[in-house]
Amino acid sequence: MSNTQNNLEKLQNQKYKYGFTSDIETESFPKGLSEDVIRKISSIKNEPKFMTDFRLKAYKQFLDMEAPTWANVDFPKIDMQEIIYYSAPKTKISKDSLDEVDPEILKTYSKLGIPIEEQMRLEGIAVDAIFDSVSVANTHKKALAEIGIIFCSISEAIQEHPELVKKYIGTVIPSSDNYFATLNSAVFSDGTFVYIPPNTKCPLELSTNFRINTEGSGQFERTLIICDENSYVSYLEGCTAPAFDTNQLHAANVELIVMKNAEIKYSTVQNWYAGDENGKGGIYNFVTKRAICQGDNSKVSWTQVETGSAITWKYPSCILKGDNSIGEFYSVALTNNLQQADTGTKMIHLGKNTKSTIVSKGISAGRSDNTYRGLVKIGPNAANARNYTQCDSMLIGSKCSANTTPYIEVSNNTANIEHEASTSKISEDQLFYLNQRGISTEDAISTIISGFCKDVFKELPGEFAAEANQLMALKLENSVG
Amino acid sequence: MSIIEIKNLEAVIDTEESNTQILKGLNLTINAGEVHAIMGPNGSGKSTLSKVLAGHPDYRITKGEVIFQGKNLLDLDPDERANSGLFLAFQYPVEIPGVNNLNFLRMAYNSKMKFNNQEEMDPLDFDDFIEEKLNILKMKPEFLERNLNEGFSGGEKKKNEILQLLTLNPSLAILDETDSGLDIDALRVVSEGINAYRNKNNAVLLITHYQRLLDYVEPDYVHVLSGGKIIKTGDKTLALELEKEGYAIV
Ligand SMILES: Nc1ncnc2c1ncn2[C@@H]1O[C@H](COP(=O)(O)OP(=O)(O)OP(=O)(O)O)[C@@H](O)[C@H]1O
Ligand SMILES: [Mg+2]
């Protein structure tokens, strides 16, 4: 075996930087799922009846459902009775001032590179921080409220804006949608709510940071974003978790609703704990994300950088209902060691002249499995619909695999669909070329990878593109040298 | 003062497909201020020599040593060799999709600075620095915004190699068939670039098949490499003779 091959293998054994646990007193429910647990979650949150009913309906549906098996991921059956469904820091939670937030929590976030205190002062980004099951801090809320923007935790929205929540929750992802989404509908603990009123361009990047801290707890967050007519919002979500030996379940639901002439840009940088190099531990990330372009000329754009989790199962989708609406999906999924990712998108064209773009970049290293799975569906009324799909895979080393599974269903013959796919390897000659110019193998790999991901990274909001580059470098970092 | 001393060097290809000896006892010393040309039949081992010196992982040294500016070259990793001042302009420069040429040049430059404990150059100063080099090679600034060698024509790739030579200013420049694929004007411009790089403290090893480059960049020595060894050494007239008579004369 050549030196470069050796180097590549060394590079694949990086350590997870966010694997620490914070010593914070939490209040957790005992393990297990039952109608009683759901009623308790609802009552601890003092929810109105419609919410309790929503949860219970989902729970009943869940009881008749089986975990899906069609994805190219392999894991032991998850025992839903072994999960803690609610865990919250004991200290009092304040949304408006950080003075009352447990300093340990602030410390945790600042270790994660998200100094919330700083963000309070910083222009440009408003942050909501979700710790285990609840929102612990939300910055810039007041300033946003002045122009009619609601940015708060979903629990709070249920209290203060029940009419909006009631009107929209479950309209994009029905409670019976799929096993994990249904579970989420029954037990979701917290998440983020955003409402952008008509004719408003949200002046800040909105951002939520999710953190799972308690061992054995599941995280079931629910995000609901509504962007009303002629409005715009850009939203970024980031995720981390401590390194535990046991697997933890993360089953989130994200619903986006885009009205006429409006646009939502939703970006994710997912770096949940991926397990160790032998595949022990790590997050099972089973997420349902769906957007509906409700009005004409609306646009939704999903950008995701998926680097963590033991298993990633997620297909951010767009229902293009309004005429001339646009759906975009830009994805980088990196898997290393024994990670498995089955991810992609669904573009459902219903309106006329709807357009979708899919750019997926999969990078597999170690013994990992990386699958792109995408559906492009053109409905009978979607005259002149267009789709462009590009799926590129890059393999690092020889023990990993990459798969591309596109599904195309066309019921209108004016549709125009283009699909391109490629698989490449970082060649020894590319590495040698960069080495010969004085660039270390580590830097050479991250340079080549960021070149490969460029079309996706350029879609991320400004400063996060640099962050994504660093994250990729970190995930493939050499522990020596 | 010698820049490089290659002593009795033997090397084999060490890949899954092949295990053949290519270099079979090669000796060569190059002093500061000198230009050496290596000529030789196709497949004689010229590119192999250049890659072995640069540390390509496909080759294994079975015998001999190489002293590069007092250091044992073979102990160094490829990037350390580069940062210590050894530069190879590739016969076939590779394409690196999506990697911005300018960022790459700055990264390479700053890697060397860092390695030598010198201050790295900030992007603005680097823009001025690189513009001057571009002018020497009559290259358009657009090249900086393109991706590294991606979609470059054969000749453009070769020019881009010389741009890197001027940027990194090494003590030894090994140029593997840089003249192949260049049009008449480009050959002159590239030669001017090589001459602009030359000074009394550095050295050039030109690998070429043709006399025409040597008209512009005059060699002090011409060597014939054949069967993994240098079988003949002469002055610049040897190249003229070879051009006329072919390798049959050696
Ligand atoms: N990685 C490799 N795998 C297999 N064979 C190789 C490899 N590298 C070099 N060779 C072989 O070694 C011999 C020398 O090749 P090399 O590229 O050094 O020749 P060269 O003198 O540069 O030729 P040219 O003038 O055509 O460029 C050739 O027979 C070539 O096929
Ligand atoms: Mg050659």
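What you see is a predicted model, and the numbers here were worked out from it, not measured in a lab. Scope of the values below: all heavy atoms of this structure, side chains included, with no hydrogens, waters or symmetry mates. Naming: A, B, ... by sequence-line order, numbering from 1 per chain.
Chain A is approached within less than 4.5 Å, heavy atom to heavy atom, by B/N147, B/L148, B/N149, B/E161, B/Q164, B/L168 from residues 139-177 of chain B, ordered by number. Within residues 72-86 of chain B, the residues approaching chain A closer than 4.5 Å by heavy atoms are, in numerical order, B/P78, B/D79, B/A82, B/N83, B/L86.
For A/D455, no part lies near chain B; criterion is any non-hydrogen pair under 4.5 Å.
The candidate from B/P93, B/P97, B/S111, B/G98 with the greatest count of non-hydrogen atom pairs under 4.5 Å with chain A is B/G98.
A/Q436 contributes atom CD, which lies 6.5 Å from atom CZ of B/F87 (distance to the nearest 0.5 angstrom). Of the inter-residue distances, the one linking B/E95 atom CD with A/S427 atom OG reads 11.0 Å to the nearest 0.5 angstrom. To the nearest 0.5 Å, atoms CD1 (A/I426) and CD1 (B/I96) are separated by 9.5 Å. Atom OH of B/Y92 sits about 12.0 Å away from atom CG of A/D429, to the nearest 0.5 Å. Rounding to the nearest 0.5 Å places CD of A/E428 at 9.0 Å from OG1 of B/T15.
More than 12 heavy atoms of other residues, nucleotides or ligands lie within 6.0 Å of CD in B/Q118, so this atom counts as buried by the packing criterion. The environment of A/K355 atom NZ is sparse: at most 12 non-hydrogen atoms of other residues, nucleotides or ligands sit within 6.0 angstrom. Applying the 6.0 Å contact sphere to NZ of B/K63 captures no more than 12 heavy atoms from other residues, nucleotides or ligands.
A/K454 is not listed as a side-chain neighbour of B/V99, based on a closest heavy-atom distance of 4.5 Å or more. Here the side chains of B/F104 and A/I439 are in contact, with some heavy-atom distance below 4.5 Å.
Heavy atoms only, all atoms of each residue included: A/F432 and B/P57 are closest at CD1-CD, 4.0 Å.
Classified by interplanar angle (parallel below 30°, tilted 30° to 60°, perpendicular above 60°), the ring pair A/Y433/B/F90 is tilted.
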